[in-house]
Amino acid sequence: MTTGKILAKYEYQPAKIEKGYANQTLYINLSDRTIKAKPVTEQMKQIFTGGRGFGLWYLWNAVSGDTKWNDPENEIIIAGGPICGITQYPGSGKAAVVTLSPLTGCPIDNNVGGYFAPLLKFSGWDALEIQGKADKDVIIFIDGNKGLVTIEEADEGHDDTHLIAEELTEKYADSEEDKRNISVVSSGRGAENTLIGILNVSFYDVKRKAVRVKQAGRGGSGTVFRDKKIKAIIVKYKGVTGDSNNPADKEKIINAAIRLHREIFELDKLQNRMREVGTAHLVGIMNDYDLLPVMNFQYGSHPDAVKITSEVFREKYFTQNVPDNCWHGCSLSCAKAVDNYEVKTGPYKGQKVCVDAAEYETIAAVASNCGIFDPEYVIEANFYCDTYGLDTISFGNIVGFAMECYERGIINKEITGGLELKFGNAEAALELLHQMGRGEGFGEIAGQGVKRLREYIIEKTGADPAFLRDISMEVKGLEVSMYVSKESLAQQGGYAFANKGPQHDEAWLIFMDMVNKQIPTFEDKAEALHYFPVFRTWFSLQGLCKLPWNDIIPADNAITNEPHKIPAHVQNYVDIFTGVTGKNITREELLLQSERVFNFQRIFNLKMGRGTREYDRPPFRLMGPATKEEYESRAERYDKQLKELGYDIEGKTTEEKMTMLRQYRESQFEKLVDAVYKRRGWDKNGVPTLETVKKLGIDFPDVVELISRYRE
Amino acid sequence: MIKVNKEDMDYVDGMTIQDILKIRKYSHTMITVIVNGQVVPKDSYPTYRVKDGDVINVIHMMSGGC
Ligand code: SF4
């Protein structure tokens, strides 16, 4: 794994953590092998808080508007946040990963579990900032007890995560007991050969005696990682205790934690059963509500979906009654795994492995979205996506899109290199996955993402660009996560406006909008599209997981004033932030922390030459039926809507009705854009106004100069 | 006729909350049912009979997205 050759070495005095901060960042430049400490200033903490905020700030200062993802100036920043690393409150071990995305050209952020961020902080670093490119593969090792950072030469061996993470854990741990003190960040060969590379962040599962991984999945951060020729980053720190974060008021944290643990133990079994099946519980629900992407988002449900629901995974595959938490103290324990899975295809055929499978997004993406309803295929695809370092959501979108193009006769075997990419063909999907891993054949082309695949198909076949845009499920270059938003205008905005691209972690409003009908007016929707994206940003500033906020709710939540905000949990967050940092904040100040970073990220998109209204436009299939088949499959619904809107549909063909519906929905979307921009304090082009940046205290000279270029 | 989440639904004599949830395929477990402004306890869904003209809101809590 390493040749033993040390290329650079840096010794330091590990900082003592004070109220959640180590107050310094570890900066590494791989081009000239600089390793140094950078101070984390009070002003940084005040404005950017931590985590994603720090990542964006470092990246902002590192790149120009012309920087490309594979320029040496691009950085990868991994940072927890002040709350990261506490062991009392569930979900407190997350890392934010920030880099310029190969898919979008803009900053991408991911919130990932595993032990890396807490161990990094306790080793004395709030953030790890990596710039430059090595000339050959390297490993970065941070020993938090010895106060030592080394850049080591990596050997020629394998790249894939399930091997690297295990070998490096073995190599750097002093004993079996010591393995829990190690976390490895790695990717895989697929990340090198595509633009959809992920980072896997490990933790050692003591019960299973196995290395487990969680993914920073979206936007190609693994591709940047391998482009910098980083094979792995290892952090080692022994001595984690409940006091390691040195909080200002531990009692405050403990009191909030007790409340939440009690809810989880009493209510999870009646609510989402996260402890039994993780997020997979959503498969059946989304199918029931016509929200499960089926065959490239054409449909929202399928009779065969019963074959891939959480019941099936629970019965046959997920190991039960083991604590599946991705950081100490998370009693929600949703990180499910399949043990002793025998790999059926590819280079690891016949090996028995522990697969971190399968989350809702993965099941929907690789399976239903490709018309495949086979749980073992899900596990196989999940295993290979992870070990090759590929994003399951992007992979599922790419395959679904390619399959639809194939079935419609837009592409053929000449284009696919002989693959029969029909919906439901699991064998072909897996072969495409292996090709992406190897960087060969059609897999190499498809691995560039849906947007670039579309452009390739148009160039090669002369297919209708407008139609292909309608059915290619990407916005800003990033593939859409796994919810059908056709019947929820608010969610169409949630996806289309999301800073990083269409990922639901910024806004998930489908039930409020489509089912509960709680936000009927444009102003209501705009308010929700202001509050929730801002609130949800907060988790990634702190090193927190969002799931304990809304995947478990207090018994009396329904009788509170604003049940969707889950006020009791928001109060917990106010308490634990205050408990850790000693800074007394209100709920409003909590939101202000997020709003600053949220707007700063929008402005960062502007800096990269994007970020205006034209980049917030979704493909039509996000908004409604893009094809005759889709319309006719839900004809009763759409006919009724048109009649209620006053359209005369008597004797009209499906195509004519589709045109009417499309005109209506597109006009509604434009009205939504106006309402949301106004609520967010942005102009009609989606640019934050001078007043907004001043109010938020992010009116740095370069920000003011940048937004002034867009002034209407 | 009753109203469920602002939409009309045919009223059937003796229908319970559980029947309504089944008809509407509301399978999500994190829901709150409110009949004419009053929250109905979860354990009464099988026995609570709605009346013609009732206004029923089935509030779904969102979830998903780590
Ligand atoms: S809820 Fe799940 S993903 Fe979040 S911290 Fe806990 S185990 Fe990890």
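Chain identifiers are assigned alphabetically (A, B, ...) following the order of the sequence lines, protein sequences preceding nucleic acid strands; residue numbering begins at 1 within each chain. These figures come from a predicted structure and were not determined experimentally.
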Worksheet item: So with a 6.0 Å cut-off around NZ of A:K640, is the heavy-atom count from everything else above 12?
Response: no

Worksheet item: Where on A:N557 is there a heavy atom nearer than 4.5 Å to chain B: the side chain, the backbone, both, or neither?
Response: side chain

Item to complete: For atom CZ of A:R637, decide whether the heavy atoms of other residues, nucleotides or ligands shown that lie under 6.0 angstrom number more than 12.
Response: yes

Worksheet item: Side chain, backbone, both or neither: which part of B:K6 has an atom under 4.5 Å from a heavy atom of chain A?
Response: side chain

Worksheet item: Measuring heavy-atom distances to chain B, does A:I559 have an atom under 4.5 Å in its side chain, in its backbone, in both, or in neither?
Response: side chain

Discussion item. Quick one, A:D505 with A:K500, criterion salt bridge (Lys or Arg N to Asp or Glu O under 4.0 Å). Give me CA distance, side-chain angles, the key distance, then yes/no.
Written reply: CA-CA 10 Å; A:D505 65 346; A:K500 73 176 120 181; 2.9 Å; yes

Worksheet item: Between A:F539, A:W549, A:Y289, which shows the greatest number of heavy-atom pairs under 4.5 Å with chain B?
Response: A:Y289

Discussion item. Out of B:T32, B:V58, B:I59, B:V4, return the one with the most heavy atom pairs under 4.5 angstrom to chain A.
Written reply: B:I59

Practice prompt. May I have the step-by-step check of side chain to side chain contact (heavy atoms under 4.5 Å, CB included) for A:Y495 and A:S481, ending in yes or no?
Written response: CA-CA 9 Å; A:Y495 271 144; A:S481 72; 3.0 Å; yes

Fill in: Contacting region of B:V39 [heavy-atom separation from chain A under 4.5 Å]
side chain

Worksheet entry | Minimal non-hydrogen separation, A:G494 against A:A507, with atom names | CA-CB, 3.9 Å

Item to complete: Below 4.5 Å from any heavy atom of chain B, which atoms of A:I552 appear? Answer side chain, backbone, both or neither.
Response: backbone

Worksheet entry | Check: A:Y483 ring centroid to A:Y360 ring centroid under 6.0 Å | yes

